[in-house]
Amino acid sequence: MKLKSLTLSLMAISTLWSCSDGRNGKITYPETFADTTVVDDYFGELVADPYRWLENDTSEATADWVTAQNKITTAYLEKIPFRAALKKRFGQLMDYEKIGIPFKKHGKYYSYRNSGLQNQSVLYAQDTLGDTPRIVLDPNTLSDDGTVALKGINFSNDGKYLAYVISRSGSDWNEIFVINLETGELLPDHITWAKFTDAQWLGDGFFYSAYDTPADGNELSASNEYQKVCYHKLGTPQSDDVIEYRDFNYPLRFYSVSVSDDESFMVLNESEGHGGKVYIKDLRKGGGKWKLINDRIKDEFDIIDNIGNTIYAITNINAPKNKIVKFNLDNFSVGKWEDVIPEGESVINSVQLAGDYILITYLQDASSHPYLFDLNGNLVKEVILPTYGTASFWAEKGSNDAFFTLTSFTLPSTVYSYNLATGDTEIYAQPELKFNPEDYITEQLTFNSKDGTEIKMFVTHKTDIKLDGSNPTLIYGYGGFNISLTPGYSASRIPFIENGGVYAYVNLRGGGEYGEDWHQAGTKMNKQNVFDDFISAAEFLISKGYTTPEHIAIQGGSNGGLLVGAVVNQRPDLYKVAIPQVGVMDMLRYHLFTIGWNWAADYGRSDDSKEMFEYLHGYSPLHTIKSGDVTYPAILVTTADHDDRVVPAHSFKYAATLQAADTGNAPKLIRIDSKAGHGSGKPISKVIEEQADIYSFIMYNLGMKPKFTDK
């Protein structure tokens with residue numbers, strides 16, 4: 001790095017910027033130093049990386065760059081005439097009581113509740129469902145600004161203690177604390193540098209997953225290697241914790257332990273991202289050893305629950321859409337189990353033991369369809385939902401009482417009680433809305449991708465829409481990691497839709513909507529299928545008269561940010577606005593940061609082979625930005641300073657490259673949040689600010705002139 005040149009450029013950053021009042025007026029961006037000496041050799045091909053210095057997220061130079069970028073972005077957003085009104089409307093729509101699904105532990109009912117605009121939801125307890133809820137744990141008291149988020153809770157098996165997991169400022173790093181449920185006392189036990197974990201109780205302590213303490217200054221960017229499973233005994237310092245499992249032969253694997261409710265056995269999962277090996281230790285026998293159940297590291301095999309010595313599991317081995325199997329704790333061997341519920345036409349999305357049944361929720365064209373089976377796998381009945389959408393259940397063995405939540409695009413999460421024996425369903429908690437859902441309709445459309453594959457998407461809009469090509473349209477996609485996009489409510493979308501917008505939610509290949517084959521069809525050398533599916537979605541909406549390229553915005557986060565960056569480079573003519581959020585933008589170096597190596601199962605790596613390098617290099621958003629004689633859409637990149645999932649350097653380098661390229665006069669801006677991460681646990685105050693910026697940018701650059709109601 002040329003330090004002298006860098007210093008001069010950074011001095012210029014503070015002065016060389018201006019922003020036009022117009023939508024497409026020329027913007028002078030901060031000058032970003034380009035180090036032309038940074039070049040990598042990939043199988044004989046030289047690839048420049050002039051903005052690599054932005055990977056140093058703790059340097060003064062990067063901090064100055066962030067300040068300069070936020071200054072110009074803020075100036076642009078503040079000039080949008082309706083931004084303040086939009087922010088107010090978001091506050092109105094989000095200000096309603098939210099009650100989570102009740103669950104029962106040690107004779108008490110627990111639920112998460114939010115009075116409306118609390119930054120974090122609060123854990124409450126009730127002795128009976130008719131009692132006044134009392135606070136057990138309020139995460140809002142853990143910080144002054146709501147940036148400490150509660151990530152999980154686990155009750156000790158005697159019901160005396162609660163271990164809770166937190167994250168700070170959106171980081172993936174976790175801390176674990178313990179409170180005495182009888183006295184409310186916070187115990188001195190404190191676990192640090194845990195990650196991707198909960199607290200699994202056994203006796204007078206718990207297991208957790210962690211990494212060694214990272215070097216100072218590298219906490220949010222260094223590669224996470226050699227995860228370990230530790231056991232913490234209450235009342236002892238973390239330095240005395242015993243390592244239950246660690247394998248120095250595999251630095252890039254995840255390890256976690258779970259314990260059965262009756263403490264008869266524990267399970268060790270070893271994975272490289274998808275699927276993983278599974279081991280069981282029989283706790284009924286003192287000094288038991290880990291015994292291998294599933295030896296296929298690439299395949300899914302997850303323990304569900306047990307009834308006595310019979311253990312139930314879900315797997316995709318020889319069943320791409322999943323099946324339910326069982327085996328006996330006293331007599332099992334690797335890869336040997338009995339099928340209970342075979343693979344069907346639809347994907348088994350979730351499963352649990354409920355009452356005297358197996359409760360399975362299938363995904364049928366990306367929406368929930370639950371069924372009850374007996375313990376031998378015979379179908380008993382379908383659980384009839386009040387409407388289509390996404391359902392999540394809580395139930396327990398031996399009891400017919402259950403609850404489920406249901407949500408859809410214009411239906412906030414509503415809680416229902418359900419009797420497993422009779423099928424009776426009643427509303428337990430229903431939010432009060434500040435819009436009329438009857439004014440909107442959701443359709444599921446089918447279109448063909450470039451190669452003829454049928455793709456589904458949900459489209460939500462006003463009931464009186466006219467198919468004249470004039471409708472502002474926002475298309476959202478993800479397409480990766482076996483993650484299914486199912487119907488769900490977000491208050492952020494409502495102002496866009498109530499002002500005539502069309503919201504499209506596309507079920508791309510790479511997701512899990514249709515099983516493992518669907519997932520694999522969007523991975524590695526098949527990744528272009530995902531981009532083709534998304535491009536075809538826009539072309540289909542245009543062909544049916546919903547919209548035109550001048551009225552289309554696209555949005556996606558994380559892997560979806562990669563999607564948005566890639567399709568903009570491939571088809572800049574097809575979109576007017578693009579919002580790549582916390583995206584994976586550098587496909588050649590993603591695996592070098594935090595847990596980026598974990599994504600190789602979906603992406604492949606640039607050091608795998610010349611062929612894999614060329615494929616990644618051919619669509620990497622950072623490396624395929626066009627310049628000259630091309631008009632790009634207006635782009636707002638979003639990231640955050642504590643994102644240690646997809647490090648902000650991806651977005652920094654991508655934004656710097658965009659601004660240096662000749663892509664027309666539409667704005668190319670980056671919004672960099674502080675004390676925030678990849679998105680999970682973000683306080684509602686920050687959510688409202690971010691959504692106001694994103695949607696005002698979208699609506700302004702689509703030429704919309706929204707009006708907002710106080711209803």
Side-chain angles (χ1 to χ4, degrees), residues 101-105 109 129 260-262 264 300-329 332 337-408 411 413-429 484 486-487 512-516:
I101 192 168
F103 56 97
K104 197 173 185 179
K105 284 289 183 181
Y109 288 95
L129 290 174
S260 64
D261 290 339
D262 59 7
S264 63
E300 302 281 351
F301 190 90
D302 296 315
I303 303 297
I304 302 165
D305 207 337
N306 70 299
I307 297 178
N309 295 336
T310 300
I311 299 176
Y312 292 82
I314 181 173
T315 181
N316 66 1
I317 296 174
N318 300 320
K321 294 182 180 178
N322 299 329
K323 65 181 179 180
I324 309 302
V325 301
K326 67 180 179 181
F327 60 91
N328 193 290
L329 182 59
F332 64 85
W337 43 72
E338 176 186 346
D339 288 359
V340 179
I341 300 174
E343 179 185 26
E345 293 183 1
S346 298
V347 178
I348 297 177
N349 188 54
S350 66
V351 58
Q352 58 192 293
L353 298 188
D356 298 321
Y357 306 99
I358 303 173
L359 171 58
I360 289 181
T361 301
Y362 288 93
L363 275 188
Q364 295 179 6
D365 286 334
S367 61
S368 298
H369 292 264
Y371 295 84
L372 292 176
F373 295 80
D374 66 24
L375 297 177
N376 294 315
N378 299 306
L379 176 63
V380 177
K381 61 184 174 184
E382 182 177 3
V383 178
I384 304 300
L385 299 178
T387 185
Y388 85 92
T390 302
S392 299
F393 283 80
W394 174 86
E396 60 181 347
K397 293 178 292 188
S399 171
N400 284 322
D401 294 329
F403 295 91
F404 67 87
T405 60
L406 186 64
T407 182
S408 192
L411 175 69
S413 185
T414 300
V415 183
Y416 298 83
S417 63
Y418 180 76
N419 187 290
L420 294 166
T422 66
D424 292 340
T425 303
E426 294 183 3
I427 293 177
Y428 173 77
S484 301
T486 61
E513 293 89 345
Y514 298 98
E516 184 59 18

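In this chain, numbering begins with 1 at the start of the sequence shown. Heavy-atom basis, side chains included; hydrogens, waters and symmetry copies ignored.
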For this session: Could you check Ile317 against Trp337 for side chain to side chain contact (heavy atoms under 4.5 Å, CB included), going step by step and ending with a plain yes or no?
Result: CA-CA 11 Å; Ile317 296 174; Trp337 43 72; 3.9 Å; yes
Problem set entry | Flag for Tyr418-Asn400: side-chain donor and acceptor within less than 3.5 Å | no
For this session: Mind checking the CG-CD spacing from Leu420 to Glu396? Nearest 0.5 Å is all I need.
Result: 10.0 Å
Exercise. With side chains defined as the heavy atoms from C-beta onward, is the minimum distance between Ser368 and Thr486 less than 4.5 Å?
Worked result: no
For this session: Check whether any side-chain N or O of Glu343 sits under 3.5 Å from a backbone N or O of Lys321 as a donor-acceptor pair, and report yes or no.
Result: yes
Problem set entry | Gap between atom CG of Asn322 and atom OH of Tyr362 - 0.5 Å precision | 10.0 Å
Exercise. What closest approach, in Å, do Ala354 and Leu359 show between heavy atoms, and which atom pair accounts for it?
Worked result: CB-CB, 4.0 Å
For this session: Kindly give the heavy-atom pair with the smallest separation between Ser484 and Glu513, and that separation in Å.
Result: OG-N, 3.2 Å
Problem set entry | Side chain Asn316, main chain Glu300, donor-acceptor under 3.5 Å | yes
Exercise. Under the 3.5 angstrom rule, does the side chain of Thr405 hit a backbone N or O of Val415 as a donor-acceptor pair?
Worked result: no
Exercise. Does the side chain of Ile384 come within less than 4.5 Å of Thr425's, by heavy atoms?
Worked result: no
Exercise. Which atoms form the tightest heavy-atom contact between Ser260 and Asp262, and what is the distance?
Worked result: OG-OD1, 2.7 Å
For this session: Report yes if some heavy atom in the side chain of Trp394 is under 4.5 Å from a heavy atom in the side chain of Pro102; otherwise report no.
Result: no
Exercise. Is the backbone N or O of Gly377 less than 3.5 Å from a side-chain atom of Asp374, with the two atoms forming a donor-acceptor pair by type?
Worked result: yes
Problem set entry | Interatomic distance, Lys104 atom NZ to Phe403 atom CZ [nearest 0.5 angstrom] | 9.5 Å
For this session: Measure the shortest side-chain to side-chain distance between Phe404 and Thr361 over non-hydrogen atoms and say whether it is less than 4.5 angstrom.
Result: no
Exercise. Backbone N or O of Ile348 within a donor-acceptor pair of the Lys323 side chain at under 3.5 Å?
Worked result: no
For this session: Measure across Ile304 and Val351 and return the closest heavy-atom pair with its distance rounded to 0.1 Å.
Result: CD1-CG1, 3.3 Å
Problem set entry | Side chain to side chain, Tyr428 and Thr414, heavy atoms closer than 4.5 Å | no
Seminar exercise, completed: Output for pair (Tyr312 OH, Ile324 CD1), nearest 0.5 Å, gives 10.5 Å
Problem set entry | Spacing of CD1 belonging to Ile358 relative to CG belonging to Leu372, to within rounding of 0.5 Å | 10.0 Å
Exercise. Can you name the closest pair of heavy atoms from Pro487 and Thr390 and give their distance?
Worked result: O-OG1, 2.5 Å
For this session: Using a 4.5 Å cut-off on heavy atoms from C-beta on, say whether the side chain of His369 contacts that of Asn349.
Result: no
Seminar exercise, completed: Nearest heavy-atom approach of Ser264 to Leu329 is O-CD2, 4.3 Å
Problem set entry | Short side-chain to backbone donor-acceptor contact, Asp339 and Pro342, under 3.5 Å | no
Problem set entry | Partner of Lys326 by side chain to side chain contact (heavy atoms under 4.5 Å, CB included), out of Ile307, Val340, Ile341 | Val340
Exercise. Distance from Tyr416 atom OH to Ile101 atom CD1, nearest 0.5 Å?
Worked result: 12.0 Å
Exercise. When you look at Phe332 and Ile311, which way does the side chain to side chain contact (heavy atoms under 4.5 Å, CB included) test go after all the steps?
Worked result: CA-CA 10 Å; Phe332 64 85; Ile311 299 176; over 6 Å; no
